[in-house]
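Quick notes on the structure that follows.
As a basis for the values below, the full set of heavy atoms in this structure was taken, side chains included, without hydrogen atoms, waters or symmetry mates. Nothing here was measured: the structure is a model prediction, and the numbers come from that model.
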Amino acid sequence: MFPTAPATPAPAKPDPLEEYLSSLLPSSDLAPQALHRAMRHAVFPGGKRIRPRLLLTVAAACAADEAETELAMHAACAIELIHSASLVHDDLPCFDDARQRRGLPTVHVLYGEPLAVLAGDALLTRAFELLAETPPRLARRALRIVKLLGRATGSLEGIIGGQSLEQVDFGTDIIDRYHAMKTAALFRLAAEAGATAAGATDAGAWGEVGHSLGLAYQLADDLCDAVGSAEAAGKPVRRDTSLGRPNAVVATGEQATRQRLQSLLDQVVVRTHQLAAEPKPLLELIVELTGHFLRTTT
């Protein structure tokens with residue numbers, strides 16, 4: 001008998017989010033090519049895509065229909081472009097002066113500082129443009145999400161204001177505000193935008209769920225930086241101290257930070273059960289994130 005040939009593994013199923021992101025960004029062949037290459041380098045390959053996945057999962061938990069899911073996908077891509085833009089700017093020499101991101105050279109290392117600034121700006125503007133490319137019957141919801149995007153990226157409550165707080169002397173009283181603006185703002189946006197896309201009447205309550213999850217994410221990041229290892233984190237640690245950035249572990253201690261992290265995750269689980277028409281997918285995402293937190297903070 002002839003030996004049985006090994007089964008050919010099935011090709012990996014394309015990820016709709018990755019396909020959407022790629023299709024919505026300008027091709028690197030289009031002029032100005034260098035700028036478009038820098039933009040795509042900033043977005044691909046991505047990380048865990050936590051924020052857009054949160055948005056899409058909340059939309060599903062709120063029973064979004066096909067058109068609402070399309071709006072949610074555009075909003076999810078917009079959030080990921082905003083997040084990617086913030087990382088490009090964070091990595092610049094005038095801020096963190098990071099040489100690598102996800103194991104690859106950062107945008108300014110490959111393309112220079114001027115193009116890195118412009119790439120971040122272009123990703124931000126493309127994010128807002130995406131929400132004009134949504135189903136006409138959902139235009140009012142898209143406009144509401146545009147307002148949420150502006151709030152989450154702006155100076156009063158958003159990531160740009162949070163970045164500016166790094167330029168002032170820190171006290172323990174400013175850490176909560178810094179974490180809320182620099183990190184939790186995009187998580188709040190993701191959850192509230194997902195609910196808004198689905199037409200939920202309790203979108204604001206979903207925003208609070210996202211806010212709590214974002215704070216938990218930042219506390220885990222602080223723990224990772226303060227007491228974790230570079231191997232587990234997949235990035236350099238002890239950077240907050242060397243850069244003079246606020247860190248909850250430094251301010252309140254490791255035990256208190258872990259207790260607050262667990263309390264926030266517990267709140268998220270309780271509120272998900274209360275709000276979601278179908279809580280299982282979101283609970284699975286929370287379990288995944290909790291496992292990631294544990295791996296990187298021990």
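- With Pro279 as the partner, the side chain to side chain contact (heavy atoms under 4.5 Å, CB included) test is satisfied by one option alone out of Leu282, Leu275, Leu283: Leu283.
- One N or O on the side chain of Thr153 and one on the backbone of Gly150 form a donor-acceptor pair closer than 3.5 Å.
- Side-chain contact check for Tyr178 and Glu166: at least one donor-acceptor pair (N or O, by modelled atom type) lies under 3.5 Å.
- In this structure, the side chain of His74 does not engage the main chain of Pro135 through any donor-acceptor pair within 3.5 Å.
- Side chains of His36 and Asp29: a donor-acceptor N/O pair is absent below 3.5 angstrom, by distance only.
- Although no hydrogens or angles enter the test, the distance criterion places a donor-acceptor pair under 3.5 Å between the side chain of Glu278 and the main chain of Lys280.
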When you look at Arg137 and Asp65, which way does the salt bridge (charged side-chain N to carboxylate O under 4.0 Å, His left out) test go after all the steps? CA-CA 13 Å; Arg137 77 173 179 85; Asp65 64 22; 3.1 Å; yes

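- Note: Phe187 and Tyr217 have tilted aromatic rings, judged against thresholds of 30 and 60 degrees for the angle between ring planes.
- A salt bridge does not link Arg101 to Asp96: none of the charged side-chain nitrogens sits closer than 4.0 Å to a carboxylate oxygen.
- At most 12 heavy atoms of other shown residues, nucleotides or ligands fall within 6.0 angstrom of atom CZ in Arg177.
- The two residues Ala195 and Val58 make their nearest non-hydrogen contact at N-CG1, 3.7 Å.
- When each of Arg126, Lys48, Arg49 is checked for a salt bridge (Lys or Arg N to Asp or Glu O under 4.0 Å) with Glu80, only Arg49 meets the rule.
- Residues Arg188 and Glu157 are not paired through a salt bridge, judged by the lack of any N-O separation under 4.0 Å between the basic side chain and the carboxylate.
- Checked by atom type and distance alone, the side chain of Ser84 never pairs as donor or acceptor with a backbone atom of Leu81 at under 3.5 Å.
- Proximity of a side-chain donor or acceptor of His89 to a complementary backbone N or O of Val117 within less than 3.5 Å is detected.
- With respect to Asp221 and Lys182, no salt bridge is recorded, no charged nitrogen being found less than 4.0 Å from a carboxylate O.
- Heavy-atom minimum distance, Ala78 versus Leu130: N-CD1, 3.7 Å.
- In terms of heavy atoms, Ala142 sits closest to Leu71 at CB-CD1, 4.0 Å.
- Between the Ser242 side chain and the Arg239 main chain, a donor and an acceptor come within less than 3.5 Å of each other.
- Under 4.0 Å is where a charged nitrogen must lie from a carboxylate oxygen, and between Glu192 and Arg144 at least one such pair does.
- Judged purely by atom type and a 3.5 angstrom limit, Thr252 has no side-chain atom pairing as donor or acceptor with the backbone of Val249.
- Checked against Asn247 for a side-chain hydrogen bond (donor to acceptor under 3.5 Å, both in side chains), the options Thr257, Asp240, Thr241 give a single hit: Asp240.
- Scanning all heavy atoms of the two residues, the minimum distance from Ile145 to Ala193 falls at CD1-O, 3.8 Å.
- With hydrogens and angles left out, the side-chain atoms of Arg271 and Gln274 include a donor and acceptor closer than 3.5 Å.
- Between the side chain of Arg151 and the main chain of Leu149, no donor-acceptor pair closer than 3.5 Å is present.
- A donor-acceptor contact shorter than 3.5 Å is absent between the side chain of Arg258 and the backbone of Leu219.
- For Glu288, the salt bridge (charged side-chain N to carboxylate O under 4.0 Å, His left out) partners two or more places apart in sequence, or in a different chain, are Arg53.
- Proximity of a side-chain donor or acceptor of Thr106 to a complementary backbone N or O of Ala98 within less than 3.5 Å is detected.
- Of all heavy-atom pairs between Ser212 and Leu264, the closest is O-CB, 3.9 Å.
- The minimum heavy-atom distance linking Pro45 with Leu104 is given by the pair CD-CD1, 3.5 Å.
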